[in-house]
A.B. asks: 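Shown below is the structure under consideration.
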Amino acid sequence: MLGEGMEEGWVVCLLSKCRNLKSTKQIHCHMVKTGLHADPFVFGKLLLHCAVSISDALHYSLSLFHHFPNPDTFMHNTLIRGLSLSQTPLFSLHPFIQLRRLSTLSPDSFSFAFVLKGVANSRQLRPGIQLHSQAFHLGFDTHIFVGTTLISMYAECGDSLSARRVFDEMSQPNVVAWNAALTAAFRCGDVEGAGDVFGRMPVRNLTSWNAMLAGYAKAGELGLARRVFYDMPLRDEVSWSTMIIGFAQNGCFDEAFGFFRQLLREGIGANEVSLTGVLSACAQAGAFEFGKILHGFLEKAGFLYVGSVNNALIDTYSKCGNVAMARLVFQNMPVARSIVSWTSIIAGLAMHGYGEEAIQLFHEMEETGVRPDGITFISLLYACSHSGLVEEGYGFFSKMKNVYGIEPAIEHYGCMVDLYGRAARLHKAYEFICEMPVSPNAIIWRTLLGACSIHGNIELAELVKARLAEMDPDNSGDHVLLSNVYAVAGKWKDVASIRRTMSEHSMKKTPGWSMIEIDKVIYCFVAGEKPNEVTKEAHEKLREIMLRLRVEAGYAPQLRIVLHDIEEEEKEDSVSKHSEKLAVAFGIAKLPKGRILRIVKNLRVCGDCHTVMKLISKIYGVEIVVRDRSRFHSFRDGFCSCRDYW
DNA sequence: CTCCCCCGAC
């Protein structure tokens with residue numbers, strides 16, 4: 001038998017090795033048997049472990065807490081801390097208030113710092129102000145730790161002035177407080193103010209420089225980020241990752257790739273964060289070949305043992321059109337599958353039109369005991385809406401609320417509107433919008449307008465367009481959608497009137513572009529661009545293809561395109577050709593037979609192009625994979641994987 | 001510093 005002190009140390013050490021609730025409960029049992037659970041120090045460690053170190057054990061720590069006689073301040077603080085990091089951070093107020101009411105105990109600086117963190121995470125300004133005043137009365141507001149948290153809290157709650165004031169009133173801010181002020185300014189969208197703080201900092205460590213990089217990148221100020229990057233006296237892995245991720249998130253994939261290559265060239269080497277960043281760039285750009293190279297590299301370097309890298313790979317393969325590889329990565333993961341892994345594969349299957357399989361995986365996930373989050377349900381609802389699974393979608397929407405207690409966000413309501421709208425239940429979709437408890441944003445109305453354009457409902461489209469005109473009058477896409485509704489109905493006068501309004505207000509239409517990779521070179525075709533050598537060749541091939549489609553398949557262009565030709569007849573013939581048709585034509589001209597044509601497009605594929613692709617796949621015997629704005633179309637032998645529902 | 005996230009725009 002071990003001595004008492006040794007037993008104590010041994011239990012605490014064992015506890016720190018427990019990664020889940022089950023093994024932690026075994027330690028707890030042992031503690032009860034040996035009587036150690038009554039020791040406030042050991043019990044406090046157990047509580048901390050359940051509340052903070054392992055996930056999904058917060059409820060267990062709450063019940064432990066309630067069964068402990070006279071819990072001390074540390075135990076209260078542990079509970080506050082655990083709750084502040086949970087899905088319901090505002091609940092951290094409860095143990096804090098309880099602690100304040102006790103006559104035998106009182107809150108300390110930790111209590112304030114943790115509860116302020118909870119308030120910051122809940123973005124609720126009012127309790128934040130009350131806590132600030134309490135901290136002031138008890139003299140904790142001058143505590144550097146509390147003061148720093150106050151700055152972050154005000155910034156998170158959107159009160160930039162108060163954040164600024166707390167910082168200005170600090171007598172001797174340390175570097176952590178300076179960094180908090182810097183991050184706070186960025187958080188409030190005050191890019192200039194952040195630069196100002198940075199300029200006045202007495203000491204700058206690497207963290208401050210990296211915070212500047214991250215802040216500029218998040219604000220889309222990539223030029224400024226780049227300048228700071230080259231001005232830095234010292235760069236670490238974080239600096240490099242921040243640049244790669246910053247460029248990737250702002251759609252500058254070439255730069256993201258460039259920084260990654262430079263990172264390798266300079267011998268610093270990739271870590272798991274820079275790898276997820278560069279993989280995310282591949283995913284968004286549809287860079288399948290580069291993604292495969294990275295996969296080989298990271299496998300050899302042992303990065304497959306990192307969960308996030310697997311997740312990024314799953315997403316990359318899905319978004320590059322190879323859902324089979326995505327599945328394989330998911331199945332062979334040598335580490336535990338997190339909620340992100342499950343959500344990634346569900347989203348991947350969904351965007352490839354495998355709605356039933358996505359649902360199947362969701363059920364497997366539930367059986368495994370992984371708890372879905374709000375994003376999982378967005379992906380699942382997306383799967384249902386894009387596969388026409390209306391009843392199933394509604395079922396999951398209810399389950400999300402009633403079984404998992406997840407309050408639907410505007411995105412979930414958006415999915416539901418899409419679900420009904422795509423399935424031609426336009427009035428149901430409209431009713432749903434009117435009855436939902438949050439006020440609809442432009443995206444919600446635009447979803448319904450999109451549905452009206454698919455199903456040709458002029459009355460509803462006009463009503464919805466009027467709403468959009470109030471909320472987002474400068475959006476050219478909405479005008480285009482309404483004009484499409486008119487065009488399908490043959491109401492040319494109304495179409496012309498919209499076009500006139502658009503040119504009078506000099507509204508710019510987003511140009512459509514399509515990319516195809518041939519021999520490691522990416523060719524990008526933009527609708528309406530000036531002809532060059534490449535586009536000329538593509539046009540020639542396209543003319544030949546279209547002729548063959550007319551002769552052999554009786555193809556006739558759809559109304560919208562006819563209209564288009566009339567309107568733009570004085571322009572170059574090239575303008576009337578959609579970029580995805582050009583990319584396909586170029587691919588047929590250049591790629592060897594039997595190769596899959598992989599195309600990435602920035603907008604949604606139009607009805608006419610969809611028909612043309614189906615015919616090309618049949619007549620030319622090629623497989624075409626098109627990644628549209630939000631999903632994949634796989635054309636083979638005259639059919640598309642979306643079953644014409646998209 | 002990260003991975004998964006509703007709509008639409010030729």
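Chain A is the first sequence line, chain B the second, and so forth, proteins listed ahead of strands; every chain is numbered from 1. These numbers come from the heavy atoms of this one structure, side chains and all, not from hydrogens, waters or symmetry mates.
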A.B. asks: For this output row, return yes or no: ring centroids of A:W492 and A:Y486 closer than 6.0 angstrom.
C.D. replies: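 A:W492 vs A:Y486: aromatic centres not under 6.0 Å.
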
A.B. asks: Between A:R422 and B:dG8, is there a contact of a side-chain N or O with OP1 or OP2 at under 4.0 Å?
C.D. replies: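 Affirmative; the distance criterion is met.
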
A.B. asks: Are any side-chain N or O atoms of A:R422 and backbone N or O atoms of A:H386, one a donor and one an acceptor, separated by less than 3.5 Å?
C.D. replies: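 Not confirmed, A:R422 side chain does not pair with A:H386 backbone.
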
A.B. asks: Assign the ring pair A:H363 / A:F396 to parallel, tilted or perpendicular, where the plane angle (0 to 90°) is split at 30° and 60°.
C.D. replies: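 The arrangement is tilted - the two ring planes meet at 30° to 60°.
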
A.B. asks: Rounded to the Å, how far apart are A:R446 CZ and B:dC7 P?
C.D. replies: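 Nearest whole value for this atom pair: 12 Å.
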
A.B. asks: Would you classify A:K601 as touching base, sugar-phosphate or nothing, given that sugar-phosphate means primed atoms plus P, OP1 and OP2, and contacts are heavy atoms under 4.0 Å?
C.D. replies: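 The residue A:K601 makes sugar-phosphate contact but no base contact.
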
A.B. asks: At under 4.0 Å between heavy atoms, what does A:I410 touch on the DNA or RNA strands: base, sugar-phosphate, or nothing?
C.D. replies: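 Base contact.
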
A.B. asks: What is the distance, rounded to the nearest whole Å, between atom CG of A:L298 and atom P of B:dC3?
C.D. replies: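 Roughly 16 Å, once rounded to whole Å.
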
A.B. asks: Round to the nearest Å and state the distance from A:R337 atom CZ to B:dC4 atom C1'.
C.D. replies: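 So the CZ-C1' distance, A:R337 to B:dC4, works out to 15 Å.
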
A.B. asks: Which parts of residues 232-245 of chain A get close to DNA chain B, meaning a heavy atom less than 4.0 angstrom away?
C.D. replies: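 A:V238, A:S241, A:T242, A:I245, in order of number.
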
A.B. asks: Just checking, any donor-acceptor pair under 3.5 angstrom between side chains of A:N310 and A:N332?
C.D. replies: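 Their side chains do not contain a donor-acceptor pair, so the 3.5 Å distance test is not met.
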
A.B. asks: In the structure I gave you, are the side-chain heavy atoms of A:T316 and A:F288 within less than 4.5 Å of one another anywhere?
C.D. replies: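 A:T316 does not reach A:F288 side chain to side chain.
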
A.B. asks: Let me know the distance between CG of A:L275 and P of B:dC1, rounded to the nearest Å.
C.D. replies: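 Going from A:L275 (CG) to B:dC1 (P), I get 18 Å.
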
A.B. asks: Classify the nucleic acid contact of A:S344 as base, sugar-phosphate or nothing, counting any heavy atom under 4.0 Å across all strands shown.
C.D. replies: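 Counting heavy atoms under 4.0 Å across all strands, the contact made by A:S344 is with sugar-phosphate only.
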
A.B. asks: What integer distance in Å separates A:I345:CD1 from B:dC5:P?
C.D. replies: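 That distance rounds to 12 Å.
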
A.B. asks: Starting from P on B:dC4, measure out to CG on A:L361 and report it in whole angstrom.
C.D. replies: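 Rounded to whole Å, this separation is 18 Å.
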
A.B. asks: Nearest to the side chain of A:Q249, heavy atoms from C-beta on, is which of B:dT2, B:dC7, B:dG8?
C.D. replies: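 Among B:dT2, B:dC7, B:dG8, the one nearest the side chain of A:Q249 is B:dT2.
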
A.B. asks: With under 30° as parallel and over 60° as perpendicular, where do the rings of A:Y404 and A:F377 fit, or are they tilted in between?
C.D. replies: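 Judged by the thresholds at 30° and 60°, the geometry between A:Y404 and A:F377 is tilted.
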
A.B. asks: Report the nucleotide, chosen from B:dT2, B:dC7, B:dA9, that has the shortest atom-to-atom distance to any side-chain atom of A:K218.
C.D. replies: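 The answer is B:dT2.
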
A.B. asks: Kindly assign one of parallel, tilted or perpendicular to the pair A:F259 and A:F247, based on the angle between their ring planes and the thresholds 30° and 60°.
C.D. replies: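 It falls in the parallel class, under 30°.
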
A.B. asks: So, does A:H386 get its side chain near the phosphate of B:dC7, meaning an N or O under 4.0 Å from OP1 or OP2?
C.D. replies: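 Yes, such a contact exists.
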
A.B. asks: Using a strict heavy-atom distance below 4.0 Å, which residues from residues 308-321 of chain A are in contact with DNA chain B?
C.D. replies: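 Within residues 308-321 of chain A, the residues near DNA chain B are A:S308, A:N311, A:D315, A:K319.
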
A.B. asks: Categorize A:R629 for me: base, sugar-phosphate, or nothing, with a 4.0 angstrom heavy-atom threshold over every strand shown.
C.D. replies: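 The answer is base, as A:R629 lies within the cut-off (heavy atoms under 4.0 Å) of a base atom.
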
A.B. asks: Rounded to whole Å, how long is the line connecting atom CZ of A:R499 with atom P of B:dA9?
C.D. replies: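 It works out to 12 Å between those atoms.
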
A.B. asks: Could you report the tightest heavy-atom contact between A:L182 and A:A194, atom names first, then the distance?
C.D. replies: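 Taking every non-hydrogen atom into account, CD1-O, 3.1 Å.
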
A.B. asks: A:H427 and A:Y420: aromatic ring centres closer than 6.0 Å?
C.D. replies: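 Not under 6.0 Å, so no.
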
